[in-house]
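Computed from a prediction, not measured in an experiment: that's the story for all the values here.
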Amino acid sequence: MALTGRAALLAALGSIPVGVLEPSWAGMLAVNGPIALACAIDYALAAPVRSLVLGRSGDTSVRLGEPAEVHLTLTNPGGRTLRARVRDAWPPSSWTPGTESAASRHELVVPAGERRRLTTRLLPTRRGDRHADRVTIRSYGPLGLWARQGSQVVPWTVRVLPPFTSRRHLPSRLARLRELDGRTSLLTRGEGTEFDSLRDYIPGDDTRSIDWRATARRPKVAVRTWRPERDRHILICLDTGRTSAGRVGDAPRLDSAMDAALLLAALATRAGDRVDLLAHDRRPRAQVQGRAAADVLPSFVNAMATLEPELVETDSRTLVSTILRNAPRRSLVVLLTSLDAAPVEEGLLPLLPRLTKRHTVLLASVADPHVAAMADSRGDVDAVYEAAAATQTQAQRRRTADQLSRHGVHVVDATPDTLAPTLADAYLSLKAAGRL
C-alpha cells in the first residue's frame with residue numbers, strides 16, 4: 001500500500017544509510033535537504049489565506065444565560081484545496097470559563113471554488129455588546145508539514161440582553177390585575193379611579209356610594225362602583241450611580257433593579273398604563289419614552305443591555321430636574337435606588353417635596369439577604385459582633401425608610417429574589433386604592 005504525507009517522509013528518511021547521518025555538512029545536507037524540499041513543496045501546495053472570502057450571519061441578540069449561534073461562511077475562490085484550522089475569536093465573557101478553546105476552534109476542508117459554513121456557539125456571561133475579534137486561519141499543505149497563516153476582521157455584534165428572570169411572576173400578577181380591573185370594582189372613589197357602573201345595594205356597602213338620583217328611578221337602592229383609571233403615566237428611574245455597583249450575591253444591585261423594572265413595565269402595560277424609563281447618575285444614561293405598549297418591553301431590555309454602574313455619586317438635583325421635565329403631568333415615579341442613609345439624607349431627601357407635590361413616588365431598594373443572616377447568627381464572639389453590626393444596619397435602613405414615608409414616599413425594601421414581585425404588588429396596591 002502506498003504511503004503518503006508524514007508516513008512517506010519518515011519512510012524515506014529511514015532508508016538513508018546510517019553513515020549519511022554523521023555530523024558533517026554532507027550528512028546534514030543529505031538529511032535536511034529532503035525535509036526542506038518536502039516542506040517547501042507542502043508550503044507551495046497550501047491554499048493561500050489572503051484570497052479567502054469570509055462572511056457572517058446568525059444571532060444579533062440573546063438573553064443572558066441563553067446560547068447564541070454565529071455562523072462564519074468561508075469561500076475558497078482559489079485553485080487549491082483548503083485544509084485549515086480556524087480560530088473565531090470573541091471576548092472572554094462570550095463563553096463560560098474553560099469552554100472558549102473548544103467553542104472557537106474549528107477544522108475544515110474546502111475544495112477549490114466551494115464554500116463551507118462554521119458555527120460558533122456563544123454562551124455570554126455578562127450583559128452588553130459582544131464584538132467579534134479576528135478570524136485566524138492556518139492553511140496546511142497536503143503533507144501537513146508547513147502552513148500559511150493569516151487573520152481577517154469580520155465584524156459582528158451580539159447584544160446580550162437582561163435575563164428577565166422575574167417573568168415567572170407575571171401570570172399571577174396579571175390574574176390579580178384582572179380581578180382588580182374587570183371582575184372586582186371599587187366601592188370607594190380614590191384619587192385615580194373613574195366611574196364604572198351601578199349595581200343594587202348590598203348590606204355592608206358604604207352608604208356614601210349610594211346614587212340617590214339613580215335610586216329614585218329604580219325599585220331598589222343603587223350604588224356607584226369605580227374602577228382604576230387606565231392610561232396613567234409611570235416613569236421608572238434606575239439609579240446607575242456608585243451604590244448600584246455593590247454586589248448582592250452573584251450580581252450587582254443594578255441587575256436586580258433592572259429585573260424588577262422589567263416586571264413592573266410588563267404588568268403596567270397590560271394594565272393600559274404608559275411606561276417610560278430613565279437611567280441616571282450624574283447625567284442620563286438611557287431613556288425610553290413614548291413607546292407603544294407592544295414596544296415597551298423590547299425597548300427597555302435593549303436600553304438596559306449596555307448599562308453599567310458608574311463609580312460616581314448620583315446627582316440627585318439633576319435627577320429630580322430630569323424627572324420633572326420628563327413627567328410634566330401627575331405620574332407614578334418609581335425610583336430604584338439605595339436606602340443607604342448618606343445618599344438619601346444628603347441628596348434625595350431635601351428634594352422630595354418637589355417630587356411628592358406633583359407625583360406619587362415609590363422607592364424600591366435591593367436589600368442584602370446576607371445582612372439578615374448575620375443578624376440571626378450566634379455562637380462565638382465574632383458571630384455576636386457580626387449580628388450587632390447587621391442589626392445596626394437594618395435599623396438604619398428602617399429609619400431611612402421611615403423618613404421617606406413621612407415625606408409621602410412609598411418604600412419597598414426587599415432581597416433580589418423578592419424585589420420584583422414585591423414592587424409589582426406595591427403597584428397593584430396603589431392601583432387598587434386609587435392612588436394612581
Problem - Donor-acceptor pair between Y385 and D380 side chains, under 3.5 angstrom - result: no
Handout entry: Heavy atoms of other groups near Q392 CD, more than 12 under 6.0 Å
Key = no
Problem - K431/D273 salt bridge by N-O under 4.0 Å criterion - result: yes
Exercise for the section: Please tell me if the side chains of V288 and V296 come closer than 4.5 Å, counting only heavy atoms from C-beta onward. Expected result: no
Handout entry: W90 (side chain) donor-acceptor with S104 (main chain) under 3.5 angstrom
Key = no
Handout entry: Sidechain N-carboxylate O distance under 4.0 Å for D276, R291
Key = no
Exercise for the section: Return yes when atom NE2 of H71 has more than 12 non-hydrogen atoms of other residues, nucleotides or ligands closer than 6.0 Å, and no otherwise. Expected result: yes
Handout entry: Note: R247-D368 ion pair, threshold 4.0 Å (strictly below)
Key = no
Exercise for the section: Kindly check if the number of other-residue, nucleotide or ligand heavy atoms within 6.0 Å of CZ (R115) is above 12? Expected result: no
Handout entry: Distance-only polar pair, side chains of R159 and N302, donor-acceptor under 3.5 Å
Key = yes
Problem - T75/R116 under side-chain hydrogen bond (donor to acceptor under 3.5 Å, both in side chains): CA gap, chis, key distance, verdict - result: CA-CA 7 Å; T75 304; R116 294 291 185 270; over 6 Å; no
Problem - Side-chain donor or acceptor of D340 paired with backbone N/O of A342 under 3.5 Å - result: no
Handout entry: R285 atom CZ, over 12 foreign heavy atoms within 6.0 Å
Key = yes
Handout entry: Sidechain N-carboxylate O distance under 4.0 Å for D255, R127
Key = yes
Handout entry: Sub-4.5 Å side-chain heavy-atom contact between L363 and V412
Key = no
Practice task
State whether R399 and E345 are salt-bridged, where the test is any N-O pair (Lys NZ or Arg NE/NH1/NH2 against Asp/Glu carboxylate O) under 4.0 Å.
Solution key: no
All N/O donor-acceptor pairs, side-chain side in residues 320-327, below 3.5 Å, sequence neighbours left out:
residue, atom, partner, partner atom, Å
S321, OG, R317, O, 3.0
T322, OG1, T318, O, 2.7

Problem - More than 12 heavy atoms from other groups under 6.0 Å of CG on D250 - result: no
